[in-house]
Amino acid sequence: MIVLSYIPKPPLSDFVQLFWYYDGLTFPHEKERVMPDGSVEIVINLAEDRLYTYDPIDPNQSQTHTGCLLVGPRSECFVIDADAQTSVIGIHFKPGGAYPFLGCPSSETQNHNLSLDLLWGPRAAEMRERVLQAITPLHRFQVLEAMLLSQVTQPLTQSPVITGGLFHIKQTNALLPISELADRVGYSQRRFIQRFKEEVGMTPKRFSRIYRFQQAILSIEEMPQYPNWAQIALNCGYFDQAHFNHDFRAFSGLTPSQFATQRGERRNHVPVG
């Protein structure tokens, strides 16, 4: 079994959190629910040229994609095929980091799983083929680096929306009013929301809710046996536990207690069934 990650060199490191590679993984379950984190991911199935995703409400409803899949910035969960992770490689972008490579506003891919060729054309299949031809995992990561750099459609410079907006959301635990966020970045509120949605893929308000949700997941991992739900809600910036429960279920499809008892070993992955 191989589980590897790779941090790309600058300037990609400003936009990509990591490249990852799994080979030989097996799971006792057939499907996994994936939690939203507001970022974009490219997934390449190396075992066969197809991938499946499923409806979280009815996992019997599926979509078929090519072996190169773009997971748009999500504010809702979705379900994947666990068996398709036997041999797979991917790119996990930082929030807003995929924008220079998509060729369209990130908002157009929000909550969508798309065959990458719909955005990149034949370059998507070419990338998968080159990765398959690479001999070592390091060589495969380097192929992804080169292909990603060749796909740049916007200047590789971070905008104030990314450097300022996301910074202040994280620094204030996502509690700063949008009007004040915009003021700190130096935009009008309307312009800030427009640019944020274009680059990150969703409104700053929705992203702030996703950020708090992800902080809650981290808190659950730190106290897995006896979670103090009221304390977690308070620490993550929720007004009360009712708001916390509502947001958690809206984003995950599970109650906090269900998530705590059912979650898998990998962050943001919960076995289905």
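Here the structure is a predicted model, which is why all the values come from computation and not from measurement.
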Does any non-hydrogen side-chain atom of [Y] lie less than 4.5 Å from one of [X]?
X	Y	answer
Tyr99	Val161	no
Asp81	Tyr54	yes
Asn245	Tyr238	no

Could you tell me the separation between the CZ atom of Phe101 and the CD atom of Gln154, rounded to the nearest 0.5 Å? 10.5 Å
Should Leu46 and Ile91 be counted in the same cluster of Ile, Leu, Val, Met, Phe, Trp and Tyr side chains packed under 4.5 Å apart? yes
Is it true that Tyr22 and Met35 fall in one hydrophobic cluster, defined by side-chain heavy atoms closer than 4.5 Å?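 In one cluster with Tyr22: Met35, no.
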Can you name the closest pair of heavy atoms from Leu156 and Pro100 and give their distance? CD2-CB, 3.9 Å
How are the rings of Phe248 and Phe244 set to each other: parallel, tilted or perpendicular (split at 30° and 60°)? perpendicular
Which word best sums up how the rings of Phe239 and His243 line up, parallel for under 30°, tilted for 30 to 60°, or perpendicular for over 60°?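 Geometry flag for His243 against Phe239: perpendicular rings.
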Do Arg266 and Glu32 pass the side chain to side chain contact (heavy atoms under 4.5 Å, CB included) test, and can you show the C-alpha distance, the side-chain angles, and the key distance before you say yes or no? CA-CA 11 Å; Arg266 292 183 299 158; Glu32 290 184 337; 2.8 Å; yes
Can a donor-acceptor pair be found, under 3.5 Å and without considering hydrogens, that links the side chain of [X] to the backbone of [Y]?
X	Y	answer
Lys94	Ser13	yes
Arg140	Val131	yes
Asn45	Arg50	yes

